[in-house]
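Data block below; observations after.
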There are 2 protein chains.
Amino acid sequence: MPTTTQQRTTILEVAREARASKTSVSRYFSEERERLSPDMQTRIAAAAQRLGYRPNRMASGLKGGRSRLIGMLVADIRNPFSVAVMHGVEQACRERGLSLMVCNTDNDPAQEREHLALLASYRVEGLVINAVGSPDRELQALVEQGTPLVLLERELGEVEAEVVGLDNVRALDMALNHLQAQGYGELLYLSEPPEQASPRQTRLTRFHQGIAARGLAGEVHCRPLGDTEALHHAIGDFVARPSTVPRAVLCANGNATLAATRALRALGARLGEVGLLGIDELDWCELVGPGITTLAQPTEAIGRAAVECLMRRREGGGERIAPARRVHFQASLIPRGSTRR
Amino acid sequence: MPTTTQQRTTILEVAREARASKTSVSRYFSEERERLSPDMQTRIAAAAQRLGYRPNRMASGLKGGRSRLIGMLVADIRNPFSVAVMHGVEQACRERGLSLMVCNTDNDPAQEREHLALLASYRVEGLVINAVGSPDRELQALVEQGTPLVLLERELGEVEAEVVGLDNVRALDMALNHLQAQGYGELLYLSEPPEQASPRQTRLTRFHQGIAARGLAGEVHCRPLGDTEALHHAIGDFVARPSTVPRAVLCANGNATLAATRALRALGARLGEVGLLGIDELDWCELVGPGITTLAQPTEAIGRAAVECLMRRREGGGERIAPARRVHFQASLIPRGSTRR
DNA sequence: ATCTACGATGGGAACGGTTCCATTTGTAGA
DNA sequence: TCTACAAATGGAACCGTTCCCATCGTAGAT
């Protein structure tokens, strides 16, 4: 009883069926379809339909052909923000007839390198990167290979690539303005440890500048969020300290907001009495206590913009004229009860 | 000024550098490494290292060789449950030296077909599928082509493939037992419209059986969750209706839990007084009000199991002996304040 | 009428691997 | 000493495309 491992139809079979050469069939499935006579086109279409032909991407990827594939490297797939951006990327790709291949690096620089190499070997036509580490070498190789790159949020060393992301400076200003307007005078800034040139770094710096400019008191807790003990301790101290000025916690991203909310809950703090403002809007922010005030990022727009940059680059072809640019998006404030006293 | 489109190193260059044939180099990077003499191995390793060689997956995938690629089709990437499973899949893949290519279908059957074809054209060695529609034809083609399939949760028509997922019957029993034990006597079951053979269907059926067996009163709301108005109306009615028996809402998945929480909040209902139990554990369930009781799925385990099935199938090769199996996982109850009166 | 140009098509050499099969060499058994 | 066999290695065909270049008409220019 032979296993019917039916072979997929190849371009050659279609060619035979359509009484054409494989070159013509190849053309039909590429950008050069119009170069074929109408008669030829219908013949090929019919034959391909009849045989259920689909070009083998492996083969075409091999011989320099366009892969119609975009790669995306995500640092943490479990972060809703990343997923939302990814969704925007996806939609933009679909509209252009591109497919998206997503790799998650799980915040591990080693895996980042690994996956970058993988994507390169698939000859992706463009790459959207949300980096953890600094895989400069790999990225430089990709650039030299001619692959357009777009970095999310984070600029990387020497690599010549556009950066798409939030206008972090203005976002922090918005947050501080709001907190000050609501009467909070002592702030605790909560962030994961900022690496070099990351948005975390930008936000942190602006926090310092911002409180100085406004005459607010502020302190900072930058530890891995996994260290719950340190976190609870820090927040507990901050909340319990005797003072006449209302206090608020400012969270640098969604994970920080989650951690802070947990800590405040454990401490029995009333939201609003202790202010809480988070960067990144999440499903549940409206549901906790009086609602958590957030600064929402236009995630879909960021994703779409990334793909647009990619495409623009690709058109530009070898031209190295366009210098690496930064595309900034504005956050929008969603005020809720957690910053109302 | 020529663009330095530096070529990637090929197997041939490594072979030259190592004073070996490309066959040997190929062997070194495949399962047959031990067939090479120790001396040869070190030479090749050194050369590859020196030149930064990485095999081109496109090329190897072409000539019958294994692509070392697993595909995953996700119905809704924004669903945290899907992402969690995906994370399990990813880890299992990594441990086996496989790469994972993820496609999101955004709950659109058309895209589902499209992406399935795409993955097929990349000659993936296995496919983990979280289906929306019923792309039987495409799946059947893949099966005949010899690609191992694993379906998440959902069984599909004729397709011969393993199914990995929750033991929905027992999960519902657990939920009902808990609610009854906590004294809730009238239940509202909230679900998105169940399609054929979906886990939603299984859960719904068991709900009906379960309340009958326990002598509970129950009703069902199965509408798209996007229809907020209908939802609020239904929950409002349920809550406001005069009755002496405590009432609870049972949510069929994470999305339903979110929608129900919003509705209850809008209605000003106190959680616990009106019971709430959701299937799927989410980050925020512990944070809302007195905490929301959930039935957690072992998401990572499900993901890992899916990959294991795939690999087992692949070993089995042409053997069609092993019939399509179902791998069941047990949910675990996380009791919180939303089911405490 | 001849030349040129261009549009439509096809032939065949890559692309970078894998794999079948042949060759070389070392060694144990007869 | 001869044979047999296994281990180590290399040569070359092949996988399914794309792309360069050649071919063949035919229409417009000279």
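Throughout, a chain's letter reflects where its sequence line sits, starting with A, and its residues are numbered from 1. Reckoned from all heavy atoms, side chains included, excluding hydrogens, waters and symmetry mates.
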**Request:** Scan for ring-ring contact (aromatic ring centres under 6.0 Å, His included) pairs involving residues 134-154 of chain B, sequence neighbours excluded, and state none if there are none.
**Result:** none

**Prompt:** Whole-Å distance between D/dG16 C1' and B/Y122 OH?
**Reply:** 14 Å

**Asked** Nearest-Å distance, NZ (A/K63) to P (D/dC14)?
**Response** 19 Å

**d(CZ, B/R54; P, C/dG17) in whole Å** = 12 Å

**Complete:** Across all chains, not counting sequence neighbours, the ring-ring contact (aromatic ring centres under 6.0 Å, His included) partners of B/F329 are none

**Asked** What is the distance from CG of A/L12 to C1' of D/dC14, rounded to the nearest Å?
**Response** 13 Å

**Message:** Under the rule for side chain to side chain donor-acceptor pair (under 3.5 Å), what residues qualify as partners of A/R113, not counting sequence neighbours?
**Reply:** A/E138

**Request:** Can you sort out the partners of B/R54 under side chain to side chain donor-acceptor pair (under 3.5 Å), two or more places apart, ordered by chain and number?
**Result:** A/E114

**Request:** Round to the nearest Å and state the distance from B/L62 atom CG to D/dT18 atom P.
**Result:** 12 Å

Listed pairs, N/O of protein and of nucleotides 4-8 of chain C, under 3.5 Å:
{"residue": "C/dA8", "atom": "OP2", "partner": "A/R35", "partner atom": "O", "Å": "3.3"}

**Request:** Enumerate the residue pairs fulfilling ring-ring contact (aromatic ring centres under 6.0 Å, His included) with a member in residues 86-116 of chain B, sequence neighbours excluded, ordered by first and then second residue.
**Result:** none

Would you list the atom pairs, donor with acceptor, under 3.5 Å between side chains in residues 124-133 of chain A and any protein atom, with sequence neighbours excluded?
{"residue": "A/E125", "atom": "OE1", "partner": "A/R314", "partner atom": "NH1", "Å": "2.1"}
{"residue": "A/E125", "atom": "OE2", "partner": "A/S67", "partner atom": "N", "Å": "3.2"}
{"residue": "A/E125", "atom": "OE2", "partner": "A/R68", "partner atom": "N", "Å": "2.4"}
{"residue": "A/N130", "atom": "OD1", "partner": "A/A75", "partner atom": "N", "Å": "3.3"}

**Item:** Separation between OG1 of B/T147 and CG of B/L310, rounded to the nearest 0.5 Å
**Value:** 9.5 Å

**Request:** Determine to 10° how strongly the helix from C/dA1-D/dT30 to C/dA30-D/dT1 is bent, judged from the axes of its five-pair ends.
**Result:** 50°

**Request:** Determine which pairs satisfy ring-ring contact (aromatic ring centres under 6.0 Å, His included) with at least one residue from residues 124-144 of chain B, sequence neighbours left out, and list them in order.
**Result:** none

**Asked** What pairs of residues pass the salt bridge (Lys or Arg N to Asp or Glu O under 4.0 Å) test when at least one of them lies in residues 38-47 of chain B, not counting sequence neighbours?
**Response** B/D39-B/R43

**Asked** Which residues within residues 21-29 of chain B lie with some heavy atom under 4.0 Å of an atom in DNA chain C?
**Response** B/K22, B/T23, B/S26, B/R27

**Message:** Assess the residue pair B/R94 and A/D106 against the criterion (side-chain contact (heavy atoms from CB on, under 4.5 Å)); give the C-alpha distance rounded to whole Å, side-chain angles, the decisive distance to 0.1 Å, and a yes or no.
**Reply:** CA-CA 11 Å; B/R94 184 175 337 134; A/D106 238 352; 3.7 Å; yes

**Item:** Length of the line joining B/R57:CZ and D/dG16:P, which is rounded to integer Å
**Value:** 20 Å

**Message:** Expressed as a whole number of angstroms, how long is the span from A/R16:CZ to C/dG11:P?
**Reply:** 12 Å

**Message:** Tell me the interatomic distance from A/E32, atom CD, to D/dT17, atom P, rounded to whole angstroms.
**Reply:** 16 Å

**Partner residues of B/E153 under the side chain to side chain donor-acceptor pair (under 3.5 Å) criterion, sequence neighbours left out** = B/N168

